[in-house]
Amino acid sequence: MKQNKPTIIGIVLVLVVALFATSYFVIANRCTLDGQSVCYDKETERFLIEENATLKIQVESEALGEYVVATWNEAHPNHIDAITYEVAAPLTAKQLNEPFQTDILVTKQNDAAYFLDKFHDMGGKLDSIVGSKIPVQIQDTINLTGYYFIQNSISGPTFAYNETLMKSLGYNIEDSDTSGLPDVFDSWTKIMNQSKTLNEQVDVIFPLTFTDQQSFYPMLTAGRWTLNFTKKGSNPGFNTREFREGLELIDAMGDIVWDRTVAKDFPDPNAPIPTETKQDNHANAKDGEADAQKPSTTTDKPSDSENTTETNTDQATTTDGDSDVKTPVVPTVKRNVAEELTWQYEKAFYENRALFTIINDFDMAAQYEESTGQKYVYAPFPSYQDHRLSPMAETDGYVVSKDVQYPSATAEVIRILRSPEAVSIHNASTGKIPVYHKTYIDELKIEDRHTKERIFAYNTSDTPPVMALDNNPNVLARTLYSEVDIMQPLRDLYNGKIDVKKAQEEIQKLADEWIAKNDILKEA
């Protein structure tokens with residue numbers, strides 16, 4: 001008995017420590033339904049409901065409203081019919097400025113940014129449960145200081161390719177890494193490396209244009225820069241390494257013929273420098289001039305590279321009339337000029353002259369796809385240096401009135417609204433594309449191929465910044481990109497007139513001038 005005493009004491013001590021630890025954990029994690037807290041039950045995987053809770057919610061379709069009510073009643077039999085709904089389109093900024101008619105509202109993320117002080121911070125618990133299925137990049141800075149906005153649907157351009165045309169040209173469409181793009185073309189480097197072959201097969205590889213700053217935005221994100229990059233309103237991040245690396249893609253693109261129909265000959269910078277020489281003509285030799293000195297001609301071609309365009313060296317020299325001097329012809333390469341790359345994202349693609357494009361009007365694309373019998377695929381943009389480019393997108397979503405009396409019950413409604421079944425019903429009843437993390441897309445009850453492609457592609461999209469300028473809350477930071485014209489430095493970079501460093505300096509200077517004028521709170 002004495003020998004077992006230390007063992008018994010040890011066991012008792014362990015039990016006592018375990019009891020205290022358990023008690024502390026329970027107390028520390030206790031959640032009180034006090035009208036302020038959001039409480040989650042891990043066992044049932046539902047949020048707790050305050051006593052006598054009632055909520056009125058805004059939804060965008062009757063089908064979704066009916067689903068939420070039925071699901072709530074089944075899951076919470078002690079709170080039957082506590083939820084009522086109102087069908088309405090997303091509220092405008094003007095409507096958000098008026099008294100709210102519901103506890104949960106639907107609005108655009110950009111409009112919500114102006115009224116954060118009217119919304120309830122739903123807290124980290126709802127963020128971890130619901131926000132985990134929303135790509136972080138799409139959440140933007142609106143949720144930096146709290147969980148105010150729950151993104152639900154999204155719209156904006158995506159990259160696209162013509163699978164039918166691609167297969168007819170003999171390319172393998174296998175996507176072994178599930179990037180959304182065929183392995184052979186899933187990066188800009190791979191596309192550029194095959195440009196010489198593609199130039200022989202199609203008129204336009206990709207309808208690149210410098211005429212529109214909005215459509216050009218994805219190209220600037222090649223180095224991980226976005227308009228949200230610094231998360232500071234008065235610093236767009238144009239002076240960062242990430243922005244500079246994005247400019248390197250544009251610089252590299254300048255060596256490629258994207259549209260062969262408007263390509264021009266330019267001196268080949270890689271060719272040897274030719275020299276003027278005398279013609280070997282015995283009849284014109286004078287006074288014992290030695291004819292041993294033969295004319296020199298340059299016919300060497302620059303080394304072939306899949307990254308360069310075709311070089312013209314068919315004739316090495318020309319003779320100037322009756323002169324005995326031969327003028328060597330400088331070898332040339334085909335290149336595009338930025339100013340001549342017109343907008344033809346739709347036209348070239350729908351005419352089967354372009355293999356890749358950017359799609360903005362999906363209804364029009366569907367009409368052309370059906371009428372031509374081609375198969376279009378929507379996808380993320382190709383990567384550059386292992387980073388996927390980010391087009392701009394707009395989002396709608398849910399916010400909660402700051403005056404809500406039952407925040408935990410509200411969290412439970414949002415959990416239902418963002419369930420796979422509800423998200424699928426929202427898509428079917430409104431036609432809007434859901435915001436949903438690519439890892440969980442298969443949870444959705446959506447069969448349409450293009451819808452699933454767009455959900456996947458939008459995982460890489462970027463949303464406009466919702467921050468205001470540091471010293472002027474009346475001006476949103478994203479205004480800079482629409483008001484400051486940075487296309488000229490980008491054209492000059494593409495055309496080879498300036499280098500990456502100079503382009504970055506000029507763009508930063510333009511931004512600095514705009515910020516100096518606008519980042520000041522003007523007196524009324």
Side-chain angles (χ1 to χ4, degrees), residues 22 25-86 102-106 119-135 139 143 146-153 397-429 434-437 439-446:
T22 302
F25 179 81
V26 170
I27 293 172
N29 290 276
R30 180 181 296 167
C31 184
T32 303
L33 294 173
D34 54 6
Q36 299 294 324
S37 305
V38 171
C39 302
Y40 183 71
D41 186 342
K42 290 184 179 181
E43 185 175 339
T44 62
E45 297 184 337
R46 296 169 185 166
F47 289 92
L48 302 182
I49 312 301
E50 294 91 345
E51 187 177 357
N52 300 321
T54 59
L55 293 169
K56 186 176 183 180
I57 68 174
Q58 179 190 349
V59 292
E60 294 180 79
S61 71
E62 184 176 355
L64 180 58
E66 288 297 308
Y67 173 80
V68 173
V69 169
T71 303
W72 171 279
N73 287 341
E74 181 180 353
H76 305 287
N78 294 330
H79 301 273
I80 294 290
D81 295 333
I83 306 300
T84 57
Y85 67 87
E86 173 184 296
T102 59
D103 297 296
I104 297 177
L105 310 96
V106 182
F119 304 141
H120 190 84
D121 176 4
M122 295 302 294
K125 181 56 66 175
L126 184 65
D127 188 4
S128 64
I129 301 301
V130 172
S132 61
K133 294 186 179 180
I134 299 174
Q139 293 195 42
N143 290 330
Y147 198 51
Y148 295 98
F149 190 88
I150 298 91
Q151 293 78 7
N152 188 56
S153 61
Y398 301 110
V399 291
V400 176
S401 170
K402 189 174 184 177
D403 297 327
V404 67
Q405 297 181 22
Y406 309 104
S408 194
T410 304
E412 175 65 1
V413 173
I414 292 175
R415 183 192 69 80
I416 295 171
L417 283 167
R418 285 295 299 169
S419 66
E421 295 79 9
V423 170
S424 302
I425 291 171
H426 181 269
N427 165 252
S429 58
V435 171
Y436 220 72
H437 197 286
T439 304
Y440 305 103
I441 289 177
D442 288 341
E443 293 179 352
L444 302 175
K445 301 181 185 304
I446 295 175

Please tabulate, one pair per line, all N/O donor-acceptor pairs under 3.5 Å involving side-chain atoms of residues 56-68, not counting sequence neighbours.
{"from": "Gln58", "atom 1": "OE1", "to": "Val106", "atom 2": "N", "distance (Å)": "3.0"}
{"from": "Gln58", "atom 1": "NE2", "to": "Ala88", "atom 2": "O", "distance (Å)": "3.3"}
{"from": "Gln58", "atom 1": "NE2", "to": "Ala89", "atom 2": "O", "distance (Å)": "2.9"}
{"from": "Glu60", "atom 1": "OE1", "to": "Lys432", "atom 2": "NZ", "distance (Å)": "2.6"}
{"from": "Glu60", "atom 1": "OE2", "to": "His426", "atom 2": "NE2", "distance (Å)": "2.9"}
{"from": "Ser61", "atom 1": "OG", "to": "Leu64", "atom 2": "N", "distance (Å)": "3.2"}
{"from": "Ser61", "atom 1": "OG", "to": "Ser429", "atom 2": "OG", "distance (Å)": "2.8"}
{"from": "Glu66", "atom 1": "OE2", "to": "Tyr85", "atom 2": "OH", "distance (Å)": "2.4"}

Tell me which donor-acceptor pairs under 3.5 Å the side chains of residues 47-55 have, and how far apart each pair is, sequence neighbours excluded?
{"from": "Glu50", "atom 1": "OE1", "to": "Ala409", "atom 2": "N", "distance (Å)": "3.0"}
{"from": "Glu50", "atom 1": "OE2", "to": "Ser408", "atom 2": "N", "distance (Å)": "2.9"}

So do the side chains of His120 and Tyr148 get within less than 4.5 Å of each other, counting heavy atoms only? no
Worksheet item: Are any non-hydrogen side-chain atoms of Ser419 and Thr71 less than 4.5 angstrom apart?
Response: no
Flag side-chain contact, heavy atom, 4.5 Å: Asn152 against Leu417: no
Separation between CG (Asn78) and CG (Asn73), nearest 0.5 Å, reads 11.5 Å
key: Glu421 side chain reached by Ser424 side chain, heavy atoms, under 4.5 Å   = no
When rounded to the nearest 0.5 Å, the distance separating CD of Gln151 from CG of Asn143 is 5.5 Å
Smallest heavy-atom separation, Asp103 atom then Leu105 atom, equals O-CD1, 4.0 Å
Rounding to 0.5 Å, atoms OH (Tyr398) and CE (Met122) come to a distance of 13.5 Å
- Is the side chain of Arg46 donor-acceptor paired with the backbone N or O of Ala75 at a distance under 3.5 Å, no angle test? yes
Separation between NE2 (His76) and CD1 (Ile416), nearest 0.5 Å, reads 5.5 Å
Exercise for the section: For residues Tyr147 and Asp121, determine if any side-chain heavy atom of one lies less than 4.5 Å from a side-chain heavy atom of the other. Expected result: yes
Quick check: do Tyr436 and Arg418 have side-chain heavy atoms less than 4.5 Å from each other?
yes
Closest heavy-atom pair, Tyr440 versus Ser132, reported as atoms and distance to 0.1 Å, is CE1-O, 4.0 Å
Worksheet item: Distance-only, no hydrogens or angles: does the Trp72 side chain make a donor-acceptor pair with backbone N or O of His79 under 3.5 Å?
Response: yes
For Ser37, the side-chain hydrogen bond (donor to acceptor under 3.5 Å, both in side chains) test, sequence neighbours excluded, returns Asp34
